[in-house]
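Take a look at the structure below.
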Amino acid sequence: MPTIDLETETGRKEALRRMLTIRQFDTTAGERFADGEIPGFVHLYIGEEAVGVGACSALEDDDYITSTHRGHGHCIAKGLDPKPMMAELYGKREGYCNGKGGSMHIADVDAGMLGANGIVGAGPPLGTGAALTIDRKGEDRVALSFLGDGAVAQGQVHSAANLAATWDLPVIFLVENNHYGEGTPVEEQHNVENLSATAGAYNVPGITVDGMDITAVNEAVTEARERARAGDGPTFIEAETYRFHGHFEGDEELYREDDEVERWEARDPIETFAQRLIDRGELTNEEYEALQSEVETTIEEALEYAQSAEEPAPEEAYDDMFAAEVPEITEFARRVRADGGDPDGGER
Amino acid sequence: MPTIDLETETGRKEALRRMLTIRQFDTTAGERFADGEIPGFVHLYIGEEAVGVGACSALEDDDYITSTHRGHGHCIAKGLDPKPMMAELYGKREGYCNGKGGSMHIADVDAGMLGANGIVGAGPPLGTGAALTIDRKGEDRVALSFLGDGAVAQGQVHSAANLAATWDLPVIFLVENNHYGEGTPVEEQHNVENLSATAGAYNVPGITVDGMDITAVNEAVTEARERARAGDGPTFIEAETYRFHGHFEGDEELYREDDEVERWEARDPIETFAQRLIDRGELTNEEYEALQSEVETTIEEALEYAQSAEEPAPEEAYDDMFAAEVPEITEFARRVRADGGDPDGGER
Amino acid sequence: MASAGLEAEATETMTVREAIRETLREEMARDEDVFLMGEDIATMGGVLDVTGDLHEQFGKDRVRDTPIGESGFMGAATGAAATGSRPVVEIMFSDFLGVAMEQVMNQMAKMRYMFGGKTEMPVTVRTTEGGGMGAASQHSGTVHSWIAHFPGLMAVAPGTPAAAKGLLKSAIRSDDPVFFFENKMIYEQSGEVPVDEDFTIPLGEAHVEREGSDVTVIATQRLVGESLSVADELEGDTDVEVIDLRSLYPLDTDTIVESLEKTGRLVVADESPLSYGTHAEVVARAVENAFYSLDAPIQRVGVPDTHMPFSPSLEREVLPDGAEVRDAIERIV
Amino acid sequence: MASAGLEAEATETMTVREAIRETLREEMARDEDVFLMGEDIATMGGVLDVTGDLHEQFGKDRVRDTPIGESGFMGAATGAAATGSRPVVEIMFSDFLGVAMEQVMNQMAKMRYMFGGKTEMPVTVRTTEGGGMGAASQHSGTVHSWIAHFPGLMAVAPGTPAAAKGLLKSAIRSDDPVFFFENKMIYEQSGEVPVDEDFTIPLGEAHVEREGSDVTVIATQRLVGESLSVADELEGDTDVEVIDLRSLYPLDTDTIVESLEKTGRLVVADESPLSYGTHAEVVARAVENAFYSLDAPIQRVGVPDTHMPFSPSLEREVLPDGAEVRDAIERIV
Ligand SMILES: Cc1ncc(C[n+]2csc(CCOP(=O)(O)OP(=O)(O)O)c2C)c(N)n1
Ligand SMILES: Cc1ncc(C[n+]2csc(CCOP(=O)(O)OP(=O)(O)O)c2C)c(N)n1
Ligand SMILES: [Mg+2]
Ligand SMILES: [Mg+2]
């Protein structure tokens with residue numbers, strides 16, 4: 001059973017809710033970052049919601065995903081809880097990573113979310129590895145790796161795709177082509193019209209879909225998932241989409257024109273999907289507004305949760321390096337925390 | 001003007017001579033290695049001569065090539081001298097690399113030969129870099145990178161191909177598909193029928209040619225060279241070929257059947273080309289035999305040269321690390337050579 | 001070429017960021033073969049705004065935005081350097097060097113030696129290091145110790161704007177591969193920089209930033225400034241000599257030894273993870289060459305073998321700082 | 001689990017190669033989640049014949065020949081380890097680690113920490129190191145110092161067949177990433193190996209191979225055997241203690257300190273390039289923890305910051321050996 005069945009009315013409403021949740025989460029994160037409350041970097045998913053939700057809806061709960069630096073949307077789409085997500089952005093102990101990861105490393109391995117990733121192109125090899133576990137253990141699940149258009153230039157993506165294709169591993173590669181890698185347009189990063197052309201190098205199906213249309217994404221992933229489960233190996237999907245905000249919050253966006261942004265904003269994946277449901281009579285305007293305010297409440301609560309959560313204690317910095325106890329770390333921690341301790345050097 | 005013009009009779013005879021020279025060089029190298037005279041590894045090019053000679057003939061003298069671990073054939077095809085080549089295999093000071101490189105690192109940058117390479121897949125990025133120099137300086141030359149079928153699984157090959165295609169750099173990628181990467185058949189390394197399918201991922205021409213036919217290879221490279229010079233960017237060529245010997249000398253070849261080897265041997269690229277010249281009346285059997293014995297003499301002389309050449313002096317090991325003088329190396333050399341020297345540690 | 005001393009030269013006040021950018025500008029103007037390549041260094045001016053407006057002056061042919069493929073473009077830079085170019089590569093964050101390490105370690109670092117000295121490798125690799133920005137584990141690494149360890153590579157890491165200029169000039173003019181490590185927390189730090197367009201600092205020279213007789217602090221990058229502040233605080237009490245190590249490889253053993261002959265006590269402060277870090281090599285040089293001058297155990301200040309955690313309170317904990325340098329000094333004087 | 005001591009246990013004579021292969025066999029038989037992947041490790045049995053016949057017993061699903069893409073399959077091993085597999089990866093020659101370093105340094109080494117401890121990373125990476133085969137610069141590197149330096153990775157390097165077995169078992173059973181470095185020149189070296197299928201050696205323990213009171217030689221890999229021979233040669237003259245360091249990270253400071261308290265003199269012999277190598281870290285630990293026991297400058301024996309040249313006469317020159325260990329001892333006793 002897919003996580004969210006877009007063939008059903010409830011499913012479609014749930015998908016809409018998730019897209020709205022992403023939008024609201026990232027709007028809030030962007031504001032809080034601009035206000036200096038959230039440290040580090042944040043990369044917002046606003047505008048790309050149909051890709052994440054369309055894809056993760058087609059997965060089952062125990063399928064794996066690997067994500068990117070732009071991971072909030074994937075997390076919410078995969079069913080992660082906005083509270084510990086936001087707490088992680090705030091670097092709090094209640095965050096998914098106890099404050100050690102931040103926006104770029106949110107993970108919930110038990111939920112099949114193998115981590116946002118600060119390294120462009122690192123996800124596909126990891127997804128291939130998850131698929132290898134699945135394959136070797138004969139499990140009935142798949143892995144899906146999100147990657148950006150820019151990431152398609154990374155060698156390790158290709159090395160992994162070659163491995164997955166050769167071994168028929170149950171993994172799906174989903175390129176979110178938002179037309180830029182930071183400030184560089186996709187045409188300056190690649191020589192192909194469509195990045196799904198990559199599939200040809202590995203003799204796997206390659207397909208380009210409208211990433212502003214949740215249904216199109218969902219169908220492509222559903223099909224790819226079937227292929228994967230049937231032992232027919234990977235599929236390479238390109239979803240054409242757009243990020244409405246800058247690459248990171250604070251980006252001056254000198255590399256693109258306002259009217260390009262407006263053209264894409266006119267195709268807002270949430271508005272168009274909501275309108276479709278309204279047109280079909282599945283959703284009333286009132287219900288839509290109610291949904292929006294529910295989601296606002298959810299994110300407000302997440303924000304409050306995060307803001308009032310505890311800072312990790314400094315000495316927690318020394319935890320989690322290894323499963324085993326490592327004397328170096330214990331010793332260095334002791335030295336730093338004891339304000340230096342004794343001069344050592346053995347006995348005089 | 002191509003290095004060797006296969007449209008002319010002299011050119012064809014010269015090409016035949018080069019193929020024979022490679023065959024003879026590598027036969028000798030294999031024997032001397034088996035006898036324990038040549039240290040390290042040697043990877044023989046026997047059976048693949050039409051690829052190297054077909055390709056390098058189409059280049060001009062000042063074009064660049066990057067090679068592989070199986071580099072002897074490329075060197076000879078590019079016009080390098082068998083004497084310092086053989087001396088290098090013997091680790092002698094008169095070798096191309098003064099004995100520092102050996103079989104896997106023969107290079108002659110002035111002759112446009114940017115090195116054999118012990119790292120599978122490392123050549124294409126280097127060739128792309130040579131093409132970048134050419135492009136930036138507006139030079140009228142090209143670069144050609146040889147790579148094996150196995151190397152096509154290496155990420156850096158793809159990252160380089162993407163760069164070269166996006167920047168329209170004058171580089172040619174020539175895959176020598178000899179159907180094995182060490183003991184692993186190409187089908188276990190890739191999912192595609194033809195490795196030229198890789199070209200599609202970069203929207204450049206991809207072509208598969210018969211690598212046992214020097215003319216076919218030559219024509220493909222001639223065309224690719226024209227494209228490159230015209231500013232139209234890279235071409236991805238696959239030449240189907242076969243190595244008649246093991247991966248390295250001493251390989252037991254448990255991974256392939258004798259009759260497969262025999263089938264390919266029946267298509268010997270030298271014999272078939274010579275026969276074609278004989279059939280056309282361009283070459284008599286006597287001339288062919290004379291050519292063979294000339295080549296034998298050349299290689300015998302190279303062997304004698306190498307055997308009687310000088311060993312590098314041990315202290316030469318400390319040369320050539322940097323263009324600049326680096327005190328560490330001077331100091332370590334002093335310490336080792338002076339049997340330790342004084343205990344240092346400053347004054348007592 | 002001008003000497004390394006700053007005395008009596010005309011200077012101007014600039015930040016580390018400006019010193020790097022202006023040096024790139026001067027070297028590109030001076031030598032046509034010099035060009036820059038990296039991710040978003042042209043149109044965006046670099047994510048940490050180092051290359052800034054250089055593309056406007058030199059065009060996108062000489063300030064090249066690359067696709068996101070460090071293995072490909074590092075290899076291309078290596079191939080370009082072997083054929084007569086003088087590329088300056090930017091690796092946005094030093095953690096990304098992992099992507100390109102094959103070309104760095106097996107080609108760039110080895111080509112000259114393997115070819116018996118018959119090629120040059122005039123390539124400079126600029127990259128940012130260090131914690132302090134809340135950038136978490138994959139954007140905060142300090143990796144210069146392993147580059148310094150790898151034979152065939154030179155590595156420098158300036159602690160001041162003047163050092164940034166002088167070392168970057170030497171790096172670009174060098175015929176060897178040089179890694180230039182920029183700590184991201186000192187881009188805004190300002191200081192006097194010689195205006196001389198030929199002001200270079202030899203690769204392999206440390207610099208005594210402040211003389212002292214009680215204890216030597218050998219520091220790098222951000223910790224140079226912090227150690228100087230500590231030295232000021234301790235003024236009157238303890239007379240601290242502060243050395244900016246500047247070059248990690250080659251490493252200036254002589255300056256270390258000279259200082260130790262005077263002070264007999266050593267603190268090494270560097271943001272590398274402690275085990276197998278730059279500190280250890282400085283200790284080894286000291287023990288090999290100034291053993292009989294040493295009066296107390298050498299103290300190492302660095303990152304306690306963790307990655308950089310995201311949360312600011314955790315990051316502060318593991319980042320070495322002036323207070324730790326001070327503690328280390330107090331432990332041995 | 002059995003202890004590290006070899007005393008009174010049933011043993012059998014085997015080579016390092018056999019010890020590794022049989023350990024792999026036992027661990028695969030013991031735990032279904034363990035599987036091997038690497039280039040030509042199945043049909044060919046590994047280019048240096050370590051995996052040998054294992055594929056015949058376990059099939060090509062558990063002894064996997066990979067395509068030649070270290071970045072891809074190292075990443076796949078990392079992803080597999082994060083999802084319940086226990087992969088053992090072979091990187092044919094350690095120089096090839098450069099291809100896979102991104103996955104090693106940013107994923108395998110950091111994942112657990114970045115995720116707040118919420119994942120395990122039970123992966124073992126086996127690879128060969130070292131010169132002596134005429135394999136030239138790209139197939140002879142000794143890179144364990146930079147793996148040992150990188151936070152989040154453990155690194156071991158056995159000097160004897162028994163250590164090979166005990167450390168490899170611990171590596172495979174560990175829930176952390178462990179690099180297992182095999183010096184290619186000692187594959188044929190034989191010795192007594194405990195037959196116990198649960199014989200493990202704790203990661204992070206050095207081992208005194210020979211007791212002595214005049215000078216301590218801390219050696220790794222091939223240099224353990226060579227140092228033992230030197231100790232025999234010097235018998236009667238100088239009483240040499242020889243320690244097989246075994247674990248590079250964690251590093252056994254206690255054993256080092258204990259030995260130095262007895263001998264006061266230290267030689268560190270390891271095939272890493274000298275600058276920033278394993279030697280330096282051992283020196284630093286000694287100086288931090290046994291400063292007042294040291295009677296003479298510490299001596300480092302290693303590769304003099306060159307790559308491995310091809311020519312046997314050159315290779316012999318730069319390779320550290322027993323004679324250099326002996327010289328180093330004689331310099332300080
Ligand atoms: C290996 C690596 N190189 C460079 C970067 C810096 N970087 C972060 S995001 C980004 C752009 C990625 O573009 P794309 O893959 O299209 O994803 P998008 O940001 O558009 O979602 C770059 C270059 C990185 N994080 N990792
Ligand atoms: C990065 C790297 N990985 C692995 C190897 C070991 N190796 C040497 S040759 C070879 C096979 C290469 O196959 P292919 O590219 O088809 O070239 P061929 O030997 O068939 O000419 C391998 C795996 C290597 N040298 N470099
Ligand atoms: Mg993008
Ligand atoms: Mg092949």
Side-chain angles (χ1 to χ4, degrees), chain B residues 64 66 88 93 95-102 104-110 114-115 117-119 121-122 124-134 136-137 143 155-164 166-167 169 319-324 326-329 331 343-348, chain C residues 32-33 35 37 61-62 64 66-67 69-85 87 99-100 102-103 106-107 110-122 151-152 154 174-176 203-204 249-254 257 260-261 287-293:
Chain B
Y64 292 110
T66 69
E88 190 56 39
R93 189 191 279 148
Y96 270 111
C97 310
N98 305 358
K100 286 222 176 67
M104 269 192 298
H105 306 297
I106 300 177
D108 185 356
V109 177
D110 292 336
L114 296 174
N117 209 310
I119 301 298
L126 296 171
T128 299
L132 180 55
T133 293
I134 295 168
R136 284 208 56 256
K137 300 199 177 197
Q156 61 173 322
V157 169
H158 291 263
S159 204
N162 183 75
L163 189 72
T166 305
W167 288 358
L169 296 178
D319 299 338
D320 304 329
M321 280 297 295
F322 293 96
V326 163
E328 274 77 356
I329 295 176
E331 166 62 16
D344 288 8
E347 283 167 45
R348 244 171 229 264
Chain C
E32 279 260 303
D33 288 339
F35 69 96
M37 58 197 288
D61 176 54
R62 291 188 67 197
R64 291 191 164 235
T66 61
E70 289 84 359
S71 60
F73 70 76
M74 186 70 89
T78 305
T83 51
S85 296
V99 184
E102 194 291 299
Q103 283 287 332
N106 288 314
Q107 314 301 330
K110 291 179 181 170
M111 204 178 274
R112 181 187 170 83
Y113 191 73
M114 293 189 305
F115 293 1
K118 298 214 192 69
T119 185
E120 254 136 46
M121 192 46 70
M154 296 191 180
S174 162
D175 288 331
D176 294 309
L203 305 171
Y249 194 89
L251 186 67
D252 185 351
T253 310
D254 292 346
V257 170
L260 284 179
E261 283 171 353
V287 171
E288 279 177 343
N289 300 286
F291 182 75
Y292 299 105
S293 305

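Order of the sequence lines fixes the chain letters, A, B, ..., with proteins taken first and strands second; residue numbering starts at 1 for each chain.
Of the two parts of B:Leu114, the backbone and the side chain both hold a non-hydrogen atom closer than 4.5 Å to a non-hydrogen atom of chain C. Proximity to chain C is limited to the backbone of B:Tyr96, based on heavy atoms less than 4.5 angstrom apart. Neither the backbone nor the side chain of C:Ser174 comes within contact range of chain B, judged by heavy atoms closer than 4.5 Å. Both the backbone and the side chain of C:Pro151 come within contact range of chain B, each with at least one heavy atom under 4.5 Å from a heavy atom of that chain. For a residue to count as touching a neighbouring chain, one of its non-hydrogen atoms must lie under 4.5 Å from one of that chain's; by this rule C:Met74 does not touch chain B. Both the backbone and the side chain of C:Asp61 have a heavy atom closer than 4.5 Å to some heavy atom of chain B. Interface residue B:Asn117: only side-chain heavy atoms are found under 4.5 Å from chain C. Contacts between C:Met37 and chain B at a heavy-atom distance below 4.5 Å involve the side chain alone, from C-beta outward.
No other option in B:Gln156, B:His158, B:His105, B:Glu328 has as many heavy-atom pairs under 4.5 Å with chain C as B:Glu328. Annotation: maximal heavy-atom pairing with chain B below 4.5 Å, among C:Leu251, C:Thr253, C:Asp175, occurs at C:Leu251. Considering only heavy-atom pairs separated by less than 4.5 Å from chain C, the leading option among B:Gly101, B:Ala107, B:Ala122 is B:Ala122. Interface check for chain B: of the options C:Gly79, C:Ala81, C:Gly84, C:Ser85, the most heavy-atom pairs under 4.5 Å are formed by C:Gly79. Counting heavy-atom pairs closer than 4.5 Å to chain C, the top residue among B:Ala160, B:Ala323, B:Ser159 is B:Ala323.
At least one side-chain heavy atom of B:Trp167 sits under 4.5 Å from a side-chain heavy atom of C:Pro67. Using a 4.5 Å cut-off on side-chain heavy atoms (C-beta onward), B:Tyr64 and B:Leu126 make no contact. When side chains are defined from C-beta on, C:Arg112 does not count as touching B:Met321, because their heavy atoms never get closer than 4.5 Å. At a threshold of 4.5 Å between non-hydrogen side-chain atoms, the residues C:Thr78 and C:Met121 count as touching. Side-chain contact between B:Asn98 and C:Lys118 is present, with at least one heavy-atom pair separated by less than 4.5 Å.
Put simply, the side chain of C:Ser71 never gets that close to the backbone of C:Ala100: no donor and acceptor are under 3.5 Å apart.
With a 6.0 Å cutoff to the six-membered ring centre and a 45° limit on the axis angle, B:Lys100 does not count as a cation-pi contact of C:Phe115.
Using a 4.0 Å cut-off between charged nitrogen and carboxylate oxygen, C:Asp33 and B:Lys137 count as a salt-bridge pair.
For the residue pair C:Glu70 and C:Gln103, no side-chain donor N or O sits within less than 3.5 Å of a side-chain acceptor on the partner.
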